[in-house]
Engineer: 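After the structure tokens below, expect a handful of questions from me.
In each ligand, atom 1 is the first atom listed, and ligand 1 is the first ligand listed. Residues: numbered from 1 along the sequence shown.
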Amino acid sequence: MRIVLLGAPGAGKGTVAKSLTEFDGSVQISTGDILRNAVKAGSELGKKAKGYMERGELVPDDLIMDIMEVRMKEPDCQKGFLLDGFPRTIPQAEALKKLLEKIGIKLDAAINLDVPTDVILDRLTTRRTCSNPDCQEIYNIKSKPPKPDGTCFKCGSPAVQRADETEEAIKQRLATYNEKTAPLIDFYKKEGLLKTISSLSSQEIVEEVKAAVKK
Ligand code: AP5
């Protein structure tokens, strides 16, 4: 499947994308994970992105498009892709549209995960993420806890809070989402690709996405 996952920070994009990869082999492409790995590795990209991310602001569009133009042409994307956290602005959505036209690929759907703000705030403060860059399994101390010693079930590395999970950064991320990313809902509605899902159950969401893509 070839889908864009939209939704506020903490809406569950990463969780749903990870489940969907197990369904048909489509790859999850998370710009957030790519950037966090770059920050951890101390690469040029990481050095440029770090400050924006810690403040809860968006990384500039040109940096993101440089990464995504390369990533989306890689062979594993042929099977399908789940875009998690990209596009994030209207210019990114327009650039993605042009890129897909150039490589002759059509999106199946843009899935908007519609989750109330109180649920989002609760999820973000209770999330834990595997610190191993090759794993990055997502946990939640309430709904999906890591092992009792705080490590990841998959790879044994510590599951930790992200650097952008401070109260201040969360507030900024939500404001940034409302200003820059929420307009994409209208963009994809006009493209005829929007499917909004309001369920709070990951399992139900996964089934709804599969059904939407089959149509
Ligand atoms: P990014 O990593 O994309 O963060 P985000 O959009 O803020 O999204 P999150 O990863 O916080 O949440 P999610 O929706 O994936 O939820 P999750 O599944 O983890 O971006 C981080 C930063 O990188 C940005 O702020 C920006 O600086 C930069 N960036 C990234 N992409 C960019 C771009 N394209 N352009 C510019 N800058 C960019 O779930 C959250 C929690 O809830 C977890 O604990 C999970 O276990 C739990 N949970 C999920 N679903 C359920 C459920 N159904 N029931 C109960 N608990 C659930």
Engineer: If the condition is side chain to side chain contact (heavy atoms under 4.5 Å, CB included), which residues does E204 pass it with, not counting sequence neighbours?
Structural biologist: S199, S201
Engineer: So, are K195 and E208 salt-bridged, with charged N and O less than 4.0 Å apart?
Structural biologist: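 The answer is yes: the pair qualifies as a salt bridge.
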Engineer: State, yes or no, whether a side-chain contact exists between L113 and K13 at a heavy-atom distance under 4.5 Å.
Structural biologist: yes
Engineer: Check residues 84-91 and write down every donor-acceptor pair under 3.5 Å in which the side-chain atom is one partner and the other belongs to a residue at least two apart or another chain.
Structural biologist:
unit_1: D84; atom_1: OD2; unit_2: Q28; atom_2: NE2; d: 2.8
unit_1: R88; atom_1: NH1; unit_2: G85; atom_2: O; d: 2.9
unit_1: T89; atom_1: OG1; unit_2: D61; atom_2: OD1; d: 3.1
unit_1: T89; atom_1: OG1; unit_2: D61; atom_2: OD2; d: 3.4
unit_1: T89; atom_1: OG1; unit_2: Q92; atom_2: N; d: 3.1

Engineer: Run through ligand 1 for me and note each protein residue having a heavy atom under 4.0 Å from it, chain first, then residue number.
Structural biologist: A8, P9, G10, A11, G12, K13, G14, T15, T31, G32, L35, R36, M53, E57, L58, V59, I64, G85, F86, R88, Q92, R123, L124, R127, I138, Y139, N140, S143, R162, D164, R173, L200, S201, S202
Engineer: Please list, chain by chain and in numerical order, all residues satisfying side-chain hydrogen bond (donor to acceptor under 3.5 Å, both in side chains) with N178, sequence neighbours excluded.
Structural biologist: none
Engineer: If the threshold is 4.0 Å, N to carboxylate O, is there a salt bridge linking D149 and K147?
Structural biologist: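 Result for this pair is no, no salt bridge flagged.
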